[in-house]
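Whatever order the structure lists ligands and atoms in, that order sets their numbers, starting from 1. All residue numbers refer to positions in the sequence shown, counting from 1. Nothing here was measured: the structure is a model prediction, and the numbers come from that model.
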Amino acid sequence: MRRAMAEAEVGDDVLDGDPTVRRLEARAAELLGKERSLFLPTGVMGNQIALWVQGERGTEILTDALSHIIDWEICASAAISGLQIRPVTGKGVMMDVEALERAYRSPVSEWTPRASLVCLENTHNGAGGAIISLGGMRAMSDAARRFNCRVHLDGARLWNAAVATGTSVANFAACADTVLVSFSKGLGAPVGAVIAGDPEFHTKARIARKRFGGGMRQSGILAAAALYGLDHNYELLATDHENATRFAAIVEKAPGVVVTPPETNIVMMELSGSRNTTGASAGFSAAEIARRTAERGVKVVVITPTRLRAVTHLDASTEDVVAGAHVVAECIADAYERSAVVLASHGD
Ligand SMILES: Cc1ncc(COP(=O)(O)O)c(C=O)c1O
């Protein structure tokens, strides 16, 4: 990948075009079944450009309550585009069509917020890399059309959904007007994403990208990494998924943790089993476990005070993942034992 970047043919993508960026944009548009795509530095920029262009100021976005747009984009939709978010919670861990229909405010009136956009996320990061089936996507997309809403798909991790299900990214993307995909996650590029849609969207998105400070010059160096990721790393995603399943199987044997069976490359671990009701003060918090695993070379992310996330990726071999899982399991088991001891002494 580094060599491909060094050898990339470049131009000026703000001025008159960069040939490698054009190649990537054409390839991504074709893969996603859209007319045009636009290269961007980050996924967040792609989501926010989609919201800026398609959401009408002073209206609502309907999206999953655990979506990346809500939890990890620091209120950008309000700060930048004047959009209110209506978080939607489904029966299970993700938004579903029934919940979406309930969240839509009807009848439309002069006094209630009107929705202009529905955002979907697949795979769903906050739900532990869970996949929305093509049927589920279609049902929500159809509902959005009935509400006269446009549809944006945050597909930063859509490659994983495609590999896990065998459904093409184009079939998923067909459920939305615009789709974001990232190259800097499972595909292993250092930066980069594209947002794809029709030519009218593309023209507006290009202007928005410049306004947001995302116009890049010799960005072919970065596009080359994304192209390399598509050519060489796409097939490796299946291994990441298998490794996540291995990781989960090891960690779930530890006491005091509930592991969500991974559908792709994300493993969510809920530290629910402390026998001490004041578990956090007994050192049985997610932050404490993350600190202890990091000391032993395994990085996991704290999602809530009791929830940890691990992600498998191409830089961690199967052996690394198995060894890492044992470290995490040991740290949790150790904290569990200590919390039980504290509880016993409190009981005296
Ligand atoms: C679903 C989803 N959307 C968007 C993003 C944002 O991507 P970036 O970090 O490139 O801004 C992420 C990053 O983890 C993500 O998981």
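Set against the non-hydrogen atoms of Asn125, the atoms of ligand 1 under 4.0 Å away are 14 (O), 15 (C), 16 (O). Residue Arg157 has at least one heavy-atom neighbour below 4.0 Å for each of these atoms of ligand 1: 14 (O), 15 (C), 16 (O). Taking every non-hydrogen atom of Val44 and a distance limit under 4.0 Å, the qualifying atoms of ligand 1 come out as 6 (C), 7 (O), 8 (P), 11 (O). Interface of Glu121 with ligand 1, defined as ligand atoms under 4.0 Å from a residue heavy atom, comprises 1 (C).
Remark: side-chain polar atoms of Asp96 are not paired, donor with acceptor, to backbone N or O of Gly90 under 3.5 angstrom.
Here Glu9 does not pair with Arg23 in a salt bridge; the nearest charged N to carboxylate O distance is not below 4.0 Å.
In terms of protein heavy-atom proximity, atom 12 (C) of ligand 1 is nearest to His68 NE2, 3.2 Å.
At a heavy-atom cutoff of 4.0 Å, ligand 1 is contacted by no atom of Val191, backbone or side chain.
Counting heavy atoms of neighbouring residues, nucleotides and ligands inside a 6.0 Å radius, atom CZ of Arg2 does not exceed 12 of them.
In this structure, the separation between CZ on Arg246 and OG1 on Thr318 is 4.5 Å, given to the nearest 0.5 Å.
Across all non-hydrogen atoms, the minimal contact from Ile221 to Val10 is N-CG1, 3.8 Å.
At a 3.5 angstrom cut-off on N or O pairs, Asp154 counts as close to ligand 1. Geometrically, ligand 1 and Lys185 share a nitrogen or oxygen pair separated by less than 3.5 Å. Between Ala156 and ligand 1, a contact under 3.5 Å exists for no N or O pair.
Using a 4.0 Å heavy-atom cutoff, His124 is absent from the residues neighbouring ligand 1.
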